[in-house]
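We use all heavy atoms of the structure for the numbers below, so side chains are in, but hydrogens, waters and symmetry mates are not.
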Amino acid sequence: QVQLVQSGGGLVQSGGSLRLSCAASGRTFSRYTMGWFRQAPGKERDVVAAINWIGSHTYHADSVKGRFTISRDNAKNTVYLQMNSLKPEDTAVYYCAAAETFSDYPRRLQSEYDYWGQGTQVTVSS
């Protein structure tokens, strides 16, 4: 069993930056694909970014490409989402997720993830 504990988030003005962190329990974190998803009010949860087990392959949704960066530190069992140039449309609850089945490539589908963080609110004011 893996537990994911998120931190970061909050309220920021448009154009500002935030960094989300997701700390995982367990000894096999380094083998997991990790992802960040978000869900805005009234909308479905969508993938934001994903990273493979060693950080050599990443995926970023078109809506965040060039502004958000996913990274991981396997020594700290932690994955990060650095969010720059934030826009009001980035307002959502953000979730980190871990996929247990090994893959050398980032996973983009919710159904491929086995464990989820508790979610953290990000609000961007205009």
Legend entry - Note, Q118 side chain near L4 side chain (heavy atom, < 4.5 Å): no
Inset, instruction - Taking the side chain as every heavy atom from C-beta outward, state whether Q39 and Y94 have any pair of such atoms under 4.5 Å apart. - result: no
Inset, instruction - Starting at CG of N77, measure out to OG1 of T28 and round the result to the nearest 0.5 Å. - result: 8.5 Å
Legend entry - Exercise: identify the closest heavy-atom pair between S14 and S126: CB-CA, 4.2 Å
Inset, instruction - Side-chain contact test, heavy atoms from C-beta onward, threshold under 4.5 Å: evaluate it for T33 versus W53 and give yes or no. - result: no
Legend entry - Minimum heavy-atom distance between A49 and H60, given as atom pair plus value: CB-CD2, 3.7 Å
Inset, instruction - Rounded to the nearest 0.5 Å, what's the gap from CZ on R31 to CZ on F102? Could you check? - result: 5.5 Å
Legend entry - Candidate pair M83 and R19, rule side chain to side chain contact (heavy atoms under 4.5 Å, CB included), full reasoning: CA-CA 6 Å; M83 304 184 293; R19 187 175 81 157; over 6 Å; no
Inset, instruction - Output yes when a side-chain donor or acceptor of N52 lies under 3.5 Å from a complementary backbone atom of G55, and no otherwise. - result: yes
Legend entry - Q6 (side chain) donor-acceptor with G119 (main chain) under 3.5 angstrom: yes
Inset, instruction - To the nearest 0.5 angstrom, please state how far the CZ atom of R72 sits from the SG atom of C96. - result: 11.0 Å
Inset, instruction - Give the minimum heavy-atom separation between N74 and S30, together with the two atoms involved. - result: ND2-CB, 3.6 Å
Inset, instruction - Check step by step if side chain to side chain contact (heavy atoms under 4.5 Å, CB included) holds for T101 and R107. - result: CA-CA 10 Å; T101 303; R107 299 183 181 276; 3.8 Å; yes
Legend entry - Flag side-chain contact, heavy atom, 4.5 Å: V79 against I70: yes
Inset, instruction - Tell me, yes or no, whether the heavy-atom count around K76 atom NZ, taken from other residues, nucleotides or ligands under 6.0 Å, exceeds 12. - result: no
Inset, instruction - Output, in order, the C-alpha distance, side-chain angles, deciding distance and verdict of side chain to side chain contact (heavy atoms under 4.5 Å, CB included) for V93 and T120. - result: CA-CA 5 Å; V93 177; T120 187; 5.9 Å; no
Inset, instruction - Compare all side-chain heavy atoms of L18 with those of V122 and state whether any distance is below 4.5 angstrom. - result: yes
Legend entry - Cluster link L81 to V47, ILVMFWY, side chain under 4.5 Å: no
Inset, instruction - Could you name each residue pair satisfying side-chain hydrogen bond (donor to acceptor under 3.5 Å, both in side chains) that touches residues 80-93, not counting sequence neighbours? - result: S17-N84, R38-D90, R67-D90, Q82-N84
Inset, instruction - Measure the CD-CG distance between E100 and D114 for me, rounded to the nearest 0.5 Å. - result: 5.0 Å
Inset, instruction - For residues Q13 and V124, determine if any side-chain heavy atom of one lies less than 4.5 Å from a side-chain heavy atom of the other. - result: no
Legend entry - V12 to G16 - nearest heavy-atom pair and separation: CG2-CA, 3.8 Å
Legend entry - Short side-chain to backbone donor-acceptor contact, S25 and Q3, under 3.5 Å: yes
Legend entry - Joint cluster assignment, Y115 & V48, ILVMFWY side-chain distance < 4.5 Å: yes
Inset, instruction - Each residue besides L11 in its hydrophobic cluster should be listed here, by chain and number; the cluster joins Ile, Leu, Val, Met, Phe, Trp and Tyr at side-chain heavy-atom distances under 4.5 Å. - result: none
Inset, instruction - Any ring-ring contact (aromatic ring centres under 6.0 Å, His included) involving residues 7-45? Give me the pairs, sequence neighbours left out, ordered by first then second residue. - result: F37-Y113, F37-W116
Inset, instruction - State the OG-CD1 distance between S56 and I54, to the nearest 0.5 angstrom. - result: 6.0 Å
Inset, instruction - Return yes when atom CZ of R45 has more than 12 non-hydrogen atoms of other residues, nucleotides or ligands closer than 6.0 Å, and no otherwise. - result: yes
